[in-house]
Amino acid sequence: MTTAVGVDTARKPATMAQALGRALRDAMAADPSVHVLGEDVGTLGGVFRITDGLAEEFGENRCTDTPLAEAGILGTAVGMAMYGLRPVVEMQFDAFAYPSFEQLISHVSRMRNRTRGAMPMPITVRVPYGGGIGGVEHHSDSSEIYYMATPGLHVVAPATVADAYGLLRAAIASDDPVIFLEPKRLYWSKADWSADAPEQVPPIGRAVVRRPGGGGRRGATLISYGPSVPVCLEAAEAARAEGWDLEVVDLRSLVPFDDETVCASVRRTGRAVVVHESTGFGGPGGEIAARVTERCFHHLEAPVLRVAGFDIPYPPPMLERHHLPGVDRVLDAVARLQWESEWTEGSAV
């Protein structure tokens, strides 16, 4: 099916990797100030082939292979942004980004505030993150809490093909620095999608309900983002056999955080479980649970629970299935949501 001007609007199976690559291509075609830089992004097309073909189409001056020096890469991007460009930096793997943190914290996150808004920092930092691909330590970290705890940064994590495209385009167009977390194990997930007429998605800062539910006395809300969203959707379907009706909220954006959508769901269901791959202690779930508790206390039937990665360095590939939150761990948490009051069950009152 095509439009009168020959644009193919048919929705066809596409992977998240393809949507990300198309977002970069479309952004570069629309705005000559958009430059891509990083290790192996040019000739190789990136470790995950997200940037494949960009150097050939736009030239090596706009899709640039860099030395293996993350601090230098991000420092270069700061200078580019100060001179009016919109750099898109690829950190090859999540933990490879750590050497760049001095630039990120001291300059990227602070420059706009430091100059009282006179000098924006339109930098997008793409970070392939999370586990599930059999990677070793430094190739499978969930580092989102570091970015969340750094004022001045926006932090987003898509879980769908449509969001991968829409959120990346929004990130590149933003005058604030955006940490764009790409869940590696979802790179090859597929959905029907039109590359030539991509659907509009909510902006950065808005969560969405991926699976409505939570009606009645057996309802609860699963709150998640990125690679754990499909896990929550699978758990919600499995929960039907136990008589639970679970609503799934995809945060999409960790900073800014959408209190309105999240709290509207929890107030309706009365119970909540936060699910993510990052560690439990000091992880994103603690902040999310606190925000929900502060805003929904009188609506809660049970404490907000968390299902997270263990508080350990990332384990070897053969053990990661035990480390990552799965359907069984999510359902175990749901079962602990005080469905029958321990104070009244069996009471003679």
Side-chain angles (χ1 to χ4, degrees), residues 1-30 45-54 57 88 124 126-133 156-173 178 180-213 222-240 245-253 258 261 265 275 277 326-327 330:
M1 175 180 176
T2 58
T3 66
V5 293
V7 176
D8 186 358
T9 61
R11 293 165 61 88
K12 303 172 184 176
T15 65
M16 180 178 285
Q18 290 171 326
L20 291 167
R22 181 59 181 261
L24 291 170
R25 177 189 174 277
D26 289 353
M28 295 177 77
V47 170
F48 298 100
R49 304 300 187 267
I50 306 299
T51 58
D52 191 30
L54 296 182
E57 182 172 355
V88 181
T124 301
R126 295 180 42 245
V127 184
Y129 92 112
I133 65 166
V156 300
T160 69
V161 171
D163 265 356
Y165 179 91
L167 287 175
L168 184 52
R169 290 298 305 272
I172 295 170
V178 179
F180 195 87
L181 301 171
E182 300 174 2
K184 294 191 291 288
R185 63 166 154 165
L186 298 187
Y187 273 148
W188 300 279
S189 61
K190 289 186 177 181
D192 288 340
W193 180 72
S194 172
D196 292 315
E199 63 194 77
Q200 294 293 315
V201 301
I204 292 173
R206 299 301 298 179
V208 299
V209 176
R210 293 291 178 202
R211 183 187 188 276
L222 302 181
I223 305 168
S224 192
Y225 55 89
S228 295
V229 171
V231 175
C232 288
L233 290 171
E234 185 179 351
E237 287 301 311
R240 297 171 62 184
D245 185 12
L246 305 184
E247 182 157 290
V248 178
V249 175
D250 177 1
L251 295 176
R252 304 173 69 251
S253 173
D258 186 358
T261 300
S265 175
V275 184
E277 291 186 8
V327 171
V330 174

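As a basis for the values below, the full set of heavy atoms in this structure was taken, side chains included, without hydrogen atoms, waters or symmetry mates.
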**Prompt:** Taking only residues two or more places apart in sequence or in another chain, which ones pass side chain to side chain donor-acceptor pair (under 3.5 Å) with Ser265?
**Reply:** Thr221, Glu247
**Item:** Min side-chain heavy-atom separation Arg126-Leu24 under 4.5 Å
**Value:** yes
**Asked** For Tyr187, what residues pass the ring-ring contact (aromatic ring centres under 6.0 Å, His included) criterion, not counting sequence neighbours?
**Response** Phe48
**Item:** All side chain to side chain contact (heavy atoms under 4.5 Å, CB included) counterparts of Ala173, not counting sequence neighbours
**Value:** none
**Any Leu168 side-chain heavy atom under 4.5 Å of Thr124 side chain** = yes
**Item:** Heavy-atom side-chain contact between Arg185 and Glu277 under 4.5 Å
**Value:** yes
**Message:** Could you work out, with ring-ring contact (aromatic ring centres under 6.0 Å, His included) as the rule, every residue matching Phe180, not counting sequence neighbours?
**Reply:** none
**Prompt:** When you measure from the side chain of Lys190 to the backbone N and O of Thr15, does any donor-acceptor pair fall under 3.5 Å?
**Reply:** no
**For Ala19, all residues meeting side chain to side chain contact (heavy atoms under 4.5 Å, CB included), sequence neighbours excluded** = Val161, Ala164, Tyr165, Trp193
**Shortest non-hydrogen contact between Pro230 and Leu186, atoms and distance** = CG-CD2, 3.9 Å
**Request:** Can you establish whether the number of heavy atoms outside Glu57 located under 6.0 Å from its atom CD is more than 12?
**Result:** yes
**Request:** Kindly write out the residues that satisfy salt bridge (Lys or Arg N to Asp or Glu O under 4.0 Å) with Asp26, not counting sequence neighbours, or none if the list is empty.
**Result:** Arg22
Show me the donor-acceptor pairs, under 3.5 Å and distance only, between side chains in residues 199-212 and residues at least two apart or in other chains.
residue	atom	partner	partner atom	Å
Glu199	OE1	Arg11	NH1	2.9
Arg210	NE	Asp250	OD2	3.0
Arg210	NH2	Asp163	OD2	2.7
Arg210	NH2	Asp250	OD2	3.1
Arg211	NE	Glu237	OE2	3.0
Arg211	NH1	Leu246	O	2.6
Arg211	NH2	Glu237	OE2	3.3

**Asked** Between Ala238 and Val327, what is the shortest heavy-atom contact and its length?
**Response** CB-CG1, 4.4 Å
**Item:** side chain to side chain contact (heavy atoms under 4.5 Å, CB included) against Val47, all qualifying residues, sequence neighbours excluded
**Value:** Gln92, Phe93
**Request:** For Asp196 and Pro198, work out which heavy atoms get closest and say how close.
**Result:** C-CD, 3.5 Å
**Message:** Are the side chains of Leu20 and Glu182 in contact, using a 4.5 Å heavy-atom criterion?
**Reply:** yes
**Asked** Rounded to the nearest 0.5 Å, what separation is found between the CE atom of Met28 and the CD1 atom of Ile172?
**Response** 9.0 Å
**Message:** Can a donor-acceptor pair be found, under 3.5 Å and without considering hydrogens, that links the side chain of Thr51 to the backbone of Leu54?
**Reply:** no
**Item:** Test side chain to side chain contact (heavy atoms under 4.5 Å, CB included) applied to Ser224 - qualifying residues, sequence neighbours left out
**Value:** Ser228, Val229, Cys232, Val275
**Asked** What heavy-atom pair brings Ala157 and Tyr129 nearest, and what distance separates the two atoms?
**Response** CB-OH, 4.0 Å
**Item:** Residues Val156, Val178; criterion side chain to side chain contact (heavy atoms under 4.5 Å, CB included); working and verdict
**Value:** CA-CA 7 Å; Val156 300; Val178 179; 4.0 Å; yes
**Message:** Minimum heavy-atom separation for Gln18 and Pro13, please, with both atom names.
**Reply:** OE1-O, 4.4 Å
**Distance in Å, Ile223 CD1 paired with Leu251 CG, rounded so as to fall on 0.5 Å steps** = 7.0 Å
